[in-house]
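Read through the structure below, which is laid out as structure tokens, and then see the notes.
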Amino acid sequence: MSSEHATAHKPVMSPFTIVAGIVLILGALVTVLRFTGGLAATTNLSDYNPWGLWIGFDLLVGVALAAGGFVTSAAVYIFGMKRYHSAVRPAILTGFLGYALVVFALHYDVGQPWRLPYPFIVQSGTTSLLFEVGACVALYLTVLFIEFTPAPLEWLGFKRVRNLVVKLTMLLTILGVILSTLHQSSLGALFLIAPSKLHPLWYSGYLPVFFFVSAIIAGLSMVIFEGGLAHKYFHDKMDETHLREKEDVAFGFAKAAAWVLAGYFSIKVIGVAVDNNWSYLATGYGAWFLVELLGFVALPCFLYAVAVRDHNMSLVKYTAGWTVLGIVVNRLNVSLVAFNWHLPSSERYFPHWMEIVISLFIVTIGVLVFRFIVTRMPIMHEHPDYHGEH
Amino acid sequence: MEYHFNTLHDFMVYTKGVVYILILAILIGFVAFWSFLNGRDPDRKPE
Amino acid sequence: MSISRRRFLGWMGAAGMGVTLGRSARAAGPKTFPGYPESVGVLFDSTLCIGCRRCEAACNKVNHLPPPERPFDDLTVLEEPRRTRWDSYMVINKYYPNGRENPPAYGRMGCNHCKEPACASACFVRAFAKEPTGAVTYDETVCVGCRYCMIACPFEIPTYEYHKVLAPRISKCTLCQPRLLKGLLPGCVEACPTEALTFGKREDLIRSAHQRFRMHPGRYMEHIYGEHEMGGTNWLYLSGVPFAEIGKREDLGTRAAPEFTAGALAAVPLVVGLWPVLLTGIYAISRRKEKMADEERTAAVADAVAKTQAASDEKLSAAMEKAKKEKESAVEGAVKKALEEAEKARKAEMAEAEKTETPEAGAGEKAGKDSEEGA
């Protein structure tokens, strides 16, 4: 896709190119199978387990990890933290790609994807939290697209349209925060209707709040994590400002993440207390819950704090990666691991390898499109015509 | 208004439908009111 | 207290708000919606069921479902636990609550037609409807296939046609809604040879169940499963053994499914109403801070400029002072000199005095002006 850039001064086949190529080919084959053989041919979904990896990972994790867009733009434009400005465009781009891929992935999962707009044009099920999620994701995808357009418009040289869009920044940012608050929390609220199926340690009236707060953590950590990767692979695409602010962004976001993690840890513990679920902690599920709570919430919270105090950049980066993994663990716990916990193991779900292939396929597409855009458009550097303007 | 609801579900379909329409109106209303509120702000940036 | 409360309510009524307030209060609080008063249902009496599977056969027939792999009269099927599938809307399962040497008990799995269906509450295209008859029906023409209804259903009833490529549907028992509208009994009820299935108005069925409890003491667990479970269902169950023993979950509680999501749904408009206020507030504060910082910076710059100005002014005035003094002394000197000269000249030549006097006077005037400005 962007081979002329990637291969200009590297061997023709880098390991990344080979892996990406294999995943793309496999993904294309499974795609054909999915749309000719149906869900039964490609998934392990069953009447007991209607939602699998494509919802648990592609939707829940995808949306959570795409939260960097709203977190960063809110920090910069609403909270006035101008010194993080150079982080906005990469975060918006990741957010936009994340949501676009979520919607793309849904086409694999739902039975009749061409009917995805039905809730808004045919008949609305307003009592459904999924309606809320759908409406917000659709609107937010649009918002992110508009927020992203200045980069391609600058690249293509459409000055007037670009300036018009830039004027909408505040409006779009606020709308983005509202929509993100709503659908991030509603993704957790999806499971409120099934208290009898989700393990009590994960089921809580606070689920929407847990999902929203952890999405903020995911957003902050993704910006750091991605920033680290981008620094390594797209160093030549970054301008002075970007490179200068890079460290500042990482430490600032790490500090914020540590603080939000502390809040998240607190409300998770309160969640156990208000439902009096202490006794479950002594069970197998309890052990796993503690792994999540201590290993993926308390630990990164502490590590972030240490990294910020010691001004340890590499610790910040590793902690960011670990936190992102923690979010993945949490979303999969809620949707797959702790869901249907009451069923015998013979009825439990484990993803089919083709489901995993599609999830990897979608992530790979995301990475490739990101690379395509970043190597061409003014994402990590300012367009010379708009120097110091935005 | 005086429609009789037999089930909580019907009631919620109706009320949430109204709420979603209100939400749209509120969002548009906020933008309009904000610009009215700041219309004569002396240090408003000429946007 | 009560008077003021009554008066308050009176005012609300007069203001025409009583109805609306009452409704919203009822939705969140103690209000219960009675459900459709004439709705019908089926009472399954496990103590009368003999596990003949004729209900299954009838269900298959009236719903035009594909023929099963093993025929309905093959009762060995019952030895394996089964669940509803896309091709079977209901199944009878055989349980051995008292061990295999004792007689079995039978349980039915199929849509219970909740009074407040979780599937309907969860569906984002309103594909499910609670009909006035009591049936929960499904409209395949709008279904997107998200399968959230299957997640939501506490009884794990809705099934999906995973094998279909183009238009997979949810399938589940319809309470034979089409037959009900024609005045016919549901297929399963019609086929039951032992009256283990009784069709009737839900209220009558509950009454009948209590009658059975009275008539056969000790025969039943004195509980009607479905009377209150998940807000109540139109299918009701009686059993001689704990319901958990015939495949019914006893931990579902009595709250109807929509109640679980009501709180989260109610928070949505609050976020929309208050977030813009909060966020623009924060924005305004950060803008103001920025502005103040800007002003401070400008002020500091102005101050610095002023200071430099003052310093340079001082220097300038000092220099001017010096210059003035020099000038003054020079002028004084000049004047002195001039006077001396004048004196000399006057002394020497009285008649030519006027010619030298004029520039002297000019220089004296100028010096006077400078000293005034300096003061």
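In what follows, chains carry the letters A, B, and so on, assigned in the order in which the sequence lines appear, proteins first and then strands, with residues in each chain numbered from 1.
Ranked by heavy-atom pairs under 4.5 Å with chain A, the first of P154(C), P168(C), A264(C) is P168(C). Among the candidates M150(C), K164(C), E161(C), the residue making the largest number of heavy-atom pairs closer than 4.5 Å to chain A is M150(C). Contact tally against chain C (heavy-atom pairs below 4.5 Å) for N49(A), I78(A), V177(A), I55(A): the top residue is I78(A). Interface check for chain A: of the options F128(C), W86(C), F124(C), F260(C), the most heavy-atom pairs under 4.5 Å are formed by F124(C).
Of the two parts of V122(A), only the side chain, counted from C-beta on, holds a non-hydrogen atom closer than 4.5 Å to a non-hydrogen atom of chain C. Only the side chain of N340(A) comes within contact range of chain C, with at least one heavy atom under 4.5 Å from a heavy atom of that chain. Residue A41(A): no heavy atom, backbone or side chain, is found under 4.5 Å from chain C. Looking at T173(A), there are no atoms closer than 4.5 Å to chain C (heavy atoms on both sides), in backbone or side chain. With a 4.5 angstrom heavy-atom cutoff, T36(A) touches chain C only via backbone atoms. For M170(A), the part sitting under 4.5 Å from any heavy atom of chain C is the side chain, from C-beta outward, and nothing else. Contact of L175(A) with chain C is not made at all, since no heavy-atom distance falls under 4.5 Å. Proximity to chain C is limited to the side chain of L343(A), based on heavy atoms less than 4.5 angstrom apart. For F120(A), no part lies under 4.5 angstrom from a heavy atom of chain C. In this structure, the portion of Y203(A) lying under 4.5 Å from any heavy atom of chain C is its side chain and not its backbone.
One side chain, S171(C) or T159(C), offers a donor N or O that lies under 3.5 Å from an acceptor on the other. With 3.5 Å as the limit, one finds a donor-acceptor pair spanning the side chains of E355(A) and Y349(A). R82(C) and S88(C) are not linked by any side-chain donor-acceptor pair at a separation below 3.5 angstrom, with hydrogens and angles left out of the test.
Cation-pi geometry between R169(C) and Y138(C) is not met: the NZ or CZ atom fails to fall both under 6.0 Å from the ring centre and inside 45° of the normal. Y108(A) does not carry R34(A) over the face of its six-membered ring by the limits of under 6.0 Å from the centre and within 45° of the normal.
Expressed to the nearest 0.5 Å, how far CD of Q184(A) lies from CG of L60(A) amounts to 10.0 Å.
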